[in-house]
Amino acid sequence: MTALSSPVRESARHVLARCRELVQPDLRTAVGRLHPWVAEMAAYSFGWCEVGGAPAAAPGGKGVRQALAVLGAEAAGADGRAGVPAAVAVELVHAFSLLHDDIMDGDTTRRRRPAVWHAYGTGPAVLAGDALFALAVDTLAAAPEGPGAVRLLSAALADLVRGQADDLLFAARPWTGPERVTAREYEAMAEGKTGALLGCAAALGAALGGAPRDTVAALDRAGRHLGVAFQLVDDVLGIWGDPAVTGKPVGGDLRERKKTYPVLAALGSPAARRLPALLGSAEHAEEATALIEAAGGRTAALCEARVHTAAARELLTTAPLAAGAAAELTGLLDLLVDRVR
């Protein structure tokens with residue numbers, strides 16, 4: 001991937017910070033409407049408190065989805081505040097999905113802290129996730145154009161669930177043979193699991209900002225392409241990323257036998273004949289990593305990420321968007337996929 005210049009990177013980070021500052025008060029107010037115990041778990045998931053409720057300033061997420069919602073409204077020519085209900089709703093849904101994902105995957109940590117289910121218990125974490133989902137729907141329903149906005153969110157959630165279901169089912173499928181997971185299947189899964197909510201965020205912001213239907217649809221498609229590109233880069237980092245940056249051990253995805261794009265692409269090469277026997281073994285993780293790279297898995301993933309990045313950029317360029325917001329959306333797109341050195 002081509003490295004971003006420092007000014008471009010800093011500009012995109014400023015956009016994220018600006019949107020977080022705009023959305024955070026409403027997000028905290030929304031969480032405060034929950035049952036106190038559930039609100040504590042939600043606050044813990046956002047990094048606002050420790051177990052027990054003591055204030056904290058733990059690392060939270062980047063705030064990508066809320067930024068897309070705010071920028072979606074601005075791209076429609078509206079004030080960014082018009083997109084805040086959408087930003088709050090998608091941030092709540094994202095938090096809900098992470099709580100449940102960690103349970104399904106058995107992940108005990110999230111952002112270098114114990115995952116909510118590990119800190120509070122599985123049942124409470126499921127309850128907190130359900131509460132966040134219900135709160136997201138209620139937040140959107142109370143917004144202008146609420147019914148239409150809820151329908152957009154519902155469609156994205158249906159795709160997210162399909163993507164998550166496919167991801168879970170992939171684990172039981174073989175590495176090779178007619179039942180293997182194909183690269184095309186993987187990309188469809190990534191679009192649902194990761195891209196659907198990113199596209200929904202931008203589309204919801206634009207819809208609440210008064211954009212016409214075609215513009216809303218273009219932003220949804222751009223966000224979906226962004227989601228696939230983001231997931232492909234994440235797959236590369238899951239194998240070759242710096243643990244100090246990613247918070248994951250080197251080769252962690254290989255030891256967990258995750259069917260990520262670099263592995264699937266490499267398996268199609270004659271150079272990777274020995275790869276299936278090495279996958280999942282901590283003892284052979286380094287050898288498997290080298291073999292995946294030699295078989296072109298890393299290169300294939302990054303090339304495909306560039307394809308989806310270009311498709312997203314084309315949509316942002318051709319849609320009738322306010323110039324400033326369109327430029328900020330493009331900068332955000334570049335920041336999110338420019339993580340591989």
Side-chain angles (χ1 to χ4, degrees), residues 1-24 27 46-47 59-84 86-88 90-91 94 111 190 194-195 197-206 209 211 215 218-237 241-242 244-247 302 304-319 321-341:
M1 306 292 283
T2 303
L4 289 181
S5 66
S6 292
V8 173
R9 187 179 296 109
E10 286 308 309
S11 176
R13 287 173 177 162
H14 173 74
V15 169
L16 286 172
R18 174 177 70 82
C19 294
R20 275 197 305 270
E21 185 176 346
L22 183 63
V23 174
Q24 282 295 303
L27 180 60
F46 285 119
K62 298 180 182 69
V64 173
R65 290 154 192 83
Q66 56 188 304
L68 287 172
V70 171
L71 293 176
E74 292 176 348
D79 189 288
R81 284 188 288 269
V84 168
V88 171
V90 294
E91 197 68 12
H94 180 53
R111 297 169 187 150
T194 305
L197 196 55
L198 289 172
C200 178
L204 276 176
T215 300
L219 286 171
D220 179 58
R221 291 196 303 275
R224 286 169 179 266
H225 281 296
L226 168 59
V228 177
F230 182 89
Q231 186 61 59
L232 291 167
V233 172
D234 217 43
D235 287 352
V236 171
L237 292 173
D242 181 354
V245 176
T246 65
L302 294 178
E304 193 64 16
R306 280 191 283 269
V307 169
H308 284 280
T309 302
R313 186 177 288 108
E314 175 70 13
L315 285 161
L316 294 176
T317 301
T318 56
L321 307 178
E328 290 185 331
L329 281 166
T330 302
L332 191 57
L333 162 71
D334 291 335
L335 177 69
L336 294 178
V337 297
D338 179 62
R339 296 177 289 150
V340 180
R341 293 288 179 267

query = So Lys62 and Leu336, side-chain contact (heavy atoms from CB on, under 4.5 Å) or not? Walk me through it.
reply = CA-CA 10 Å; Lys62 298 180 182 69; Leu336 294 178; 4.1 Å; yes

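- Counting all heavy atoms, side chain and backbone alike, Leu332 lies closest to Leu16 at CD1-CD2, 3.5 Å.
- Within the 4.5 Å cutoff, the side chain of His225 has no heavy atoms near those of the Val228 side chain.
- Annotation for Leu198 and Gly227: closest pair CD1-CA, 3.4 Å, computed over non-hydrogen atoms.
- Contact check for Leu329 versus Leu68: side-chain heavy atoms found under the 4.5 Å cut-off.
- In this structure, Arg111 has no salt bridge (charged side-chain N to carboxylate O under 4.0 Å, His left out) partners at least two apart in sequence or on a different chain.
- The side-chain heavy atoms of Val64 and Phe230, taken from C-beta on, include no pair separated by under 4.5 Å.
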task = Using the side-chain contact (heavy atoms from CB on, under 4.5 Å) rule, take Asp334 and Arg313 through it: C-alpha gap first, then chi angles, then the decisive distance, then the call.
result = CA-CA 9 Å; Asp334 291 335; Arg313 186 177 288 108; 2.2 Å; yes

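- Residues Val88 and Glu91 fail the side-chain proximity criterion, which asks for heavy atoms closer than 4.5 Å.
- Nearest heavy-atom pair across Ala312 and Ala222 is CB-O, 3.6 Å.
- In this structure, Leu226 and Thr309 have side chains that are not in contact, with every pair of non-hydrogen atoms separated by 4.5 Å or more.
- When all heavy atoms of Ala305 and Ala229 are compared, the closest pair comes out as O-CB, 3.6 Å.
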query = How far apart are the C-alpha atoms of Glu21 and Arg18, what are their side-chain angles, what is the distance that settles it, and do they pass the salt bridge (Lys or Arg N to Asp or Glu O under 4.0 Å) test?
reply = CA-CA 5 Å; Glu21 185 176 346; Arg18 174 177 70 82; over 6 Å; no

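- By the side-chain hydrogen bond (donor to acceptor under 3.5 Å, both in side chains) test, Asp220 is found to be paired with Arg224, residues two or more places apart in sequence or in another chain being considered.
- Side-chain contact between Leu335 and Val15 is absent, with no heavy-atom pair separated by less than 4.5 Å.
- Side-chain contact between His94 and Gln66 is absent, with no heavy atoms from C-beta onward closer than 4.5 Å.
- In this structure, the side chains of Thr317 and Thr330 stay at 4.5 Å or more apart for every pair of heavy atoms.
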